K.L.:
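Dropping the structure in here first, questions after.
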Number of protein chains: 2
Amino acid sequence: MSNNSERGADSTASPVQSVDRALAILEILADAGEAGVTDIGAQLGVHKSTAFRLVGSLEARGLVEQTAERGKYRLGVAILRLAAATTARLDVVQEARPFARRLATDTGETVNVAVLNGGAALYLDQIAGSSALQPHNWVGQRVPLHATSNGKVLLSGLEDDQVRAEVGPDLRAYTPTTVVDVDVLLAEVARVRERGHVVVVDELEHGLTAVAAPVRGVHGDVVASLSVSGPTFRFDAAKLARATELVVAAADDSSRRLGHRPTGRVEQTSSN
Amino acid sequence: MSNNSERGADSTASPVQSVDRALAILEILADAGEAGVTDIGAQLGVHKSTAFRLVGSLEARGLVEQTAERGKYRLGVAILRLAAATTARLDVVQEARPFARRLATDTGETVNVAVLNGGAALYLDQIAGSSALQPHNWVGQRVPLHATSNGKVLLSGLEDDQVRAEVGPDLRAYTPTTVVDVDVLLAEVARVRERGHVVVVDELEHGLTAVAAPVRGVHGDVVASLSVSGPTFRFDAAKLARATELVVAAADDSSRRLGHRPTGRVEQTSSN
DNA sequence: CTACCGTGTCGCGCCATGAGCAACAACTCG
DNA sequence: CGAGTTGTTGCTCATGGCGCGACACGGTAG
């Protein structure tokens, strides 16, 4: 094959070409939202008829669907089924969901569940707040650990040297208030450990406030982070205090559902 | 080869075999949660080495991941990213609209889509009926939860104490038939939960009848309410029954579009 | 310890199968 | 009405995917 510099399909060897191309189509559609077979074929570096057949297989399984009788293609609802099955196997999401939902209705803001995954916070679940304007859906996305409330909570379950390893040496500044010094971050993480929650304002994005608390597993280790987030202007001191209280309560309830017995105090993982 | 009774892969011709098999693997993993390549190969009716290669391609894209260095496979987090891209454009109003439109023409009455928002039902969309007597446009308006069909449906997605919190202690009487007792309201909401629909007559406004049914999201939670409403004198018993049936059907169709699977039955709509 | 299952993983060779070509259909734009 | 799209479809060839079998590894029982 001469030139296929269009879409990364060659980097890590993929045993079967057509499957890889089909999956690449899914990613193309995820990025573009919509695309025609000509576009897709161009991006894959294949003939449009090839793209058409691949799309046809995806469509037969409901992973993609075409907008009109003879129109562009986009991701289909079967994806949602798979995603539901993916998170269903994670009992963190299952057990935390009722509490997260209540948290969302009580605060009126968006609730997220995140786990540590490959040096980032991976959002596993989201319950939209009661606000009329829905925020962007973060499920499946990864956000930096050092600039988010969920990230700091997840880091609080690690030892200091593990924290260093996860975040790396260079902390990118997303806003002027982003913590860029590792030692400062460690100090904050330490505070998260003793307080059991954290509030982050304008560190990832200006005008975005979030408060998070840890969800713990049977052994007391941090398995996930539960957060409430919304526009900073909606979080005055009183609401922030109330949201903090509710998030901690919901996280504790979730922890209890996962078999964690709160010994009244936050117990550290080791006994030294 | 003509013996593929293992997994439905034959119904509507899928242009490219390997892709279809790979997608079938995703469904297998979605159902089973975990599976080894031997299992997968058996279910697909192919050699395990074939299954291994297909899984390899899926793994290269992050759609599946193996539990251990040399272990079983399960769905991966890349699915969540795709789902995020899918839900980004998948909002209740847009997906429900075709069914709502159909519902409006079939019943001849006005159809509304509402969501729970800050202790009230917020109307997001409205399709006017064919009758000459048109109600005013309710889009963007908020109506009390305890005196409307949409409100009761939305409440049916909550726990009892959450219902109490949403409606507050004092239920205002808009008409003589408005439910003003919280316990009575809870009983009605409970009936909505088991029946899957609700009829409200003259509770918000004298002479106004409405029937509503819940629209559910991927996780089965109530994300919106779909209703048909009109003057009471136009709703005799027969029309009410028919409207109820149609509303429930339209709501179910909308739910399906949002990825909700009604009491999970495996696909059997093939062979046509 | 050895033999025997089981698993996931990999090399090889045949041929089914997927890819490219080109012609077709439908739809938009001047 | 023609020139430009678009998505769709036979056809044909060789490429890429398949099944076979062997290997590596981890248990378990003898």
Side-chain angles (χ1 to χ4, degrees), chain A residues 1-7 9-10 12-26 28-29 32-61 63-76, chain B residues 1-7 9-10 12-26 28-29 32-61 63-76:
Chain A
M1 47 199 70
S2 48
N3 62 336
N4 56 353
S5 61
E6 287 78 4
R7 266 270 161 173
D10 48 354
T12 53
S14 185
V16 27
Q17 182 187 60
S18 56
V19 171
D20 192 64
R21 284 175 172 172
L23 301 182
I25 291 179
L26 291 180
I28 289 175
L29 290 178
E34 260 189 7
V37 311
T38 308
D39 262 356
I40 295 172
Q43 289 195 47
L44 260 73
V46 299
H47 197 267
K48 61 176 183 176
S49 69
T50 302
F52 174 72
R53 268 179 268 271
L54 294 172
V55 168
S57 286
L58 292 170
E59 190 186 13
R61 292 281 176 182
L63 290 180
V64 308
E65 53 195 25
Q66 50 188 343
T67 57
E69 184 66 24
R70 174 177 285 254
K72 294 178 177 293
Y73 290 88
R74 64 181 182 190
L75 293 178
Chain B
M1 55 192 72
S2 49
N3 65 333
N4 50 359
S5 60
E6 287 80 3
R7 264 272 159 173
D10 50 350
T12 51
S14 185
V16 27
Q17 183 187 57
S18 55
V19 171
D20 191 63
R21 285 174 172 173
L23 302 182
I25 291 179
L26 290 180
I28 290 175
L29 291 178
E34 261 189 6
V37 326
T38 309
D39 264 355
I40 295 173
Q43 288 196 48
L44 258 71
V46 300
H47 197 270
K48 61 177 182 175
S49 67
T50 303
F52 174 70
R53 269 181 278 268
L54 294 172
V55 167
S57 286
L58 293 170
E59 189 186 14
R61 292 280 176 182
L63 291 181
V64 308
E65 52 195 26
Q66 49 187 341
T67 58
E69 183 66 25
R70 172 179 289 256
K72 293 178 177 295
Y73 290 87
R74 61 184 184 189
L75 293 178

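Note that the coordinates shown come from a computational prediction; the quantities given were computed from them, not determined experimentally. Each chain gets a letter, A, B and so on, in the order the sequences are listed, and its residues count up from 1.
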K.L.:
Please report the shortest heavy-atom distance between B:Tyr73 and B:Val64, naming the atom on each side.
P.N.:
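So the minimum-distance heavy-atom pair works out to CD2-CG2, 4.2 Å.
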K.L.:
For A:Arg74, which residues count as a salt bridge (Lys or Arg N to Asp or Glu O under 4.0 Å) partner, sequence neighbours excluded?
P.N.:
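Applying salt bridge (Lys or Arg N to Asp or Glu O under 4.0 Å) to A:Arg74 gives A:Glu65.
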K.L.:
Rounded to the nearest 0.5 Å, how far does CZ of A:Arg21 lie from OG1 of A:Thr50?
P.N.:
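Reported to 0.5 Å precision, the distance equals 6.5 Å.
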K.L.:
Taking CD from A:Glu65 and P from D:dG7, how many angstroms apart are they, rounded to a whole number?
P.N.:
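Atom-to-atom, A:Glu65 to D:dG7, this comes out as 16 Å.
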K.L.:
When you check every protein heavy atom under 4.0 Å of nucleotides 5-12 of chain C, what one-letter string (B, S, -) results, 5' to 3'?
P.N.:
--SBBBB-
K.L.:
Identify the heavy atoms of B:Ala22 and B:Leu58 that sit nearest to each other, and give their distance.
P.N.:
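Looking at all heavy atoms of both residues, the closest pair is O-CD1, 3.6 Å.
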K.L.:
Dot-bracket for DNA chain C, 5' to 3', counting Watson-Crick or G-U wobble pairs under 3.5 Å, with [ ] for crossing pairs and | for inter-strand pairs?
P.N.:
||||||||||||||||||||||||.|.|||
K.L.:
Just the rounded figure in Å: distance from P of D:dG16 to CD of B:Gln17.
P.N.:
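Distance check: B:Gln17 CD to D:dG16 P gives 16 Å.
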K.L.:
Take B:Leu44 and B:Ile28, measure what side chain to side chain contact (heavy atoms under 4.5 Å, CB included) needs, and give me the verdict at the end.
P.N.:
CA-CA 9 Å; B:Leu44 258 71; B:Ile28 290 175; 3.2 Å; yes
K.L.:
Figure out the CG/C1' separation between A:Leu54 and D:dG7, and round it to whole Å.
P.N.:
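Computing the A:Leu54:CG to D:dG7:C1' distance gives 15 Å.
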K.L.:
Does a side-chain N or O from B:Ser18 land closer than 4.0 Å to OP1 or OP2 of D:dG16, or not?
P.N.:
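Looking at the OP1 and OP2 atoms of D:dG16, neither is under 4.0 Å from any side-chain N or O of B:Ser18.
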K.L.:
How close do B:Ile40 and B:Ala51 get, counting heavy atoms only, and between which atoms?
P.N.:
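In terms of heavy atoms, the two residues are closest at CG2-CB, 4.1 Å.
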